Amino acid sequence: MWRLALRSFVENRLAVIGVVIVVLLVAFCFLGPVFYKTNQSNTDIGNTFMPPGNGHPLGTDNYGFDELGRIMKGGQASLEIAFLTALIATVIGTLWGAIAGLAGGIVDAVMMRIVDVLLAVPFLFIVLIIATRFNASVLSLSLVLGLFSWLVPARLVRGEVLTLRVRDFVSAARVMGGTRRELILRHLLPNALGTVIVNVTFQVADAILAVAALGFLGFGLSYPRVSWGDMLSDGINYLLSGYWWLIYPVGACLVLVVMACNFIGDALRDAVDVRLRRR
């Protein structure tokens with residue numbers, strides 16, 4: 001099954017392009033500073049708003065930081081938060097949905113009503129309150145975003161488990177004395193893995209957009225850490241002054257990584273679902 005899914009995924013050109021974009025952006029952000037060294041800690045007021053040219057391929061910003069190096073540094077934080085958020089949300093949501101779907105009855109009803117109540121709470125509003133109360137860091141933002149992003153995975157996994165728990169192999173495991181823990185870990189979750197993997201890609205894209213939104217609203221990371229959203233928030237104030245290099249390059253990186261994650265997610269959905277898999 002996984003071999004057929006991989007072949008279907010590779011045949012999707014947009015998916016391959018998405019993977020290449022993600023790999024290149026990760027290499028650019030994390031390996032780029034090794035070869036292109038810049039000072040991203042101390043401001044240089046004498047070299048602010050320098051246009052792209054020799055010594056600064058993408059110019060400098062309002063603090064005198066090299067913009068290319070700044071994009072690398074901001075990408076590191078944005079990608080770290082995105083992947084950590086997706087991991088936290090996926091683990092919590094998968095376990096919550098699997099337990100609710102397998103238990104059924106009153107347990108399922110109570111657990112899913114909790115999910116419904118949390119989904120009714122404005123996500124960005126709560127995150128902004130927490131961000132103003134605590135100093136924003138990669139870990140704190142990842143925890144906050146992850147603890148509010150597990151609701152959708154929980155509903156997806158719960159729906160998948162509801163269809164799996166009536167299958168013959170689950171009934172056979174029950175008859176053989178399998179405990180609920182064994183049913184979840186050895187039978188239900190492995191068979192719901194396709195849904196989980198697909199959801200991870202969309203979780204990464206959503207987390208990147210959420211971090212960008214927080215940074216754009218002025219509730220991003222604390223200095224000296226910076227995210228792409230923080231850079232957009234600083235650069236938008238000078239866009240009308242003609243300093244386009246403060247907006248367009250980082251905006252392009254943001255659009256590319258989100259678009260790539262969506263390409264990968266769509267292809268994975270088609271690959272793992274036998275009804276959508278290309279023949």
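None of the values given here were measured: they were computed from a predicted structure.
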Could you please spell out the steps behind the side chain to side chain contact (heavy atoms under 4.5 Å, CB included) verdict for L246 and F49?
-> CA-CA 9 Å; L246 301 182; F49 300 118; 3.9 Å; yes

Separation between CG (L256) and CG (L24), nearest 0.5 Å, reads 10.0 Å

Shortest non-hydrogen pair, V157 vs G97, comes out as CG1-C, 4.1 Å

Taking distance alone, no hydrogens or angles, what donor-acceptor pairs closer than 3.5 Å link side-chain atoms of residues 84-95 to residues at least two apart or in another chain?
from	atom 1	to	atom 2	distance (Å)
T85	OG1	I81	O	2.7
T90	OG1	A86	O	2.6
T94	OG1	T90	O	2.5

| task | Verify the distance criterion only: is there a donor paired with an acceptor across the side chains of D66 and Y36 at less than 3.5 Å? | result | yes

Consider only side-chain heavy atoms of I, L, V, M, F, W and Y, link residues closer than 4.5 Å, and tell whether V152 and I197 are in one cluster. no

Note: with side-chain heavy atoms under 4.5 Å as the link, the other cluster members for V34 come out as F35

- State whether the number of non-hydrogen atoms from other residues, nucleotides or ligands found under 6.0 Å of Y63 atom OH is greater than 12. no

R155 vs M112, side chain to side chain contact (heavy atoms under 4.5 Å, CB included): CA-CA, chis, key distance, verdict = CA-CA 8 Å; R155 300 188 74 170; M112 297 317 296; 3.8 Å; yes

**Prompt:** W96 vs W150 aromatic rings, parallel, tilted or perpendicular, using cut-offs 30° and 60°?
**Reply:** tilted

Could you walk me through whether L14 and D266 pass the side chain to side chain contact (heavy atoms under 4.5 Å, CB included) check?
CA-CA 9 Å; L14 290 179; D266 288 338; over 6 Å; no

Report yes or no: does W245 contribute a side-chain atom to a donor-acceptor pair with the main-chain N or O of T60 at less than 3.5 Å?
yes

Rounding to 0.5 Å, atoms CE (M72) and SG (C253) come to a distance of 9.5 Å

inquiry  = Between D230 and R225, does any NZ, NE, NH1 or NH2 come within less than 4.0 Å of an OD or OE carboxylate oxygen?
reply    = no

One should read off an interatomic distance between C29 SG and E80 CD, to the nearest 0.5 angstrom, of 10.0 Å

CG of D61 to OH of Y238, rounded to nearest 0.5 Å, is 9.0 Å

With sequence neighbours left out, the residues meeting side-chain contact (heavy atoms from CB on, under 4.5 Å) with L31 are A27

To the nearest 0.5 Å, atom CD1 of I208 lies from atom OG of S227 at 11.0 Å

Going through the distances and angles, do R70 and Q40 end up as a side chain to side chain contact (heavy atoms under 4.5 Å, CB included)? CA-CA 7 Å; R70 202 69 170 167; Q40 297 294 324; 2.8 Å; yes

On a heavy-atom basis, the closest approach of G18 and A260 is O-CB, 3.4 Å

- Backbone N or O of G229 within a donor-acceptor pair of the S233 side chain at under 3.5 Å? no

Interatomic distance, CG@L214 vs CG@L141, rounded to 0.5 Å, equals 6.5 Å

Does F30 have more than 12 heavy atoms from other residues, nucleotides or ligands lying within 6.0 Å of its CZ? yes

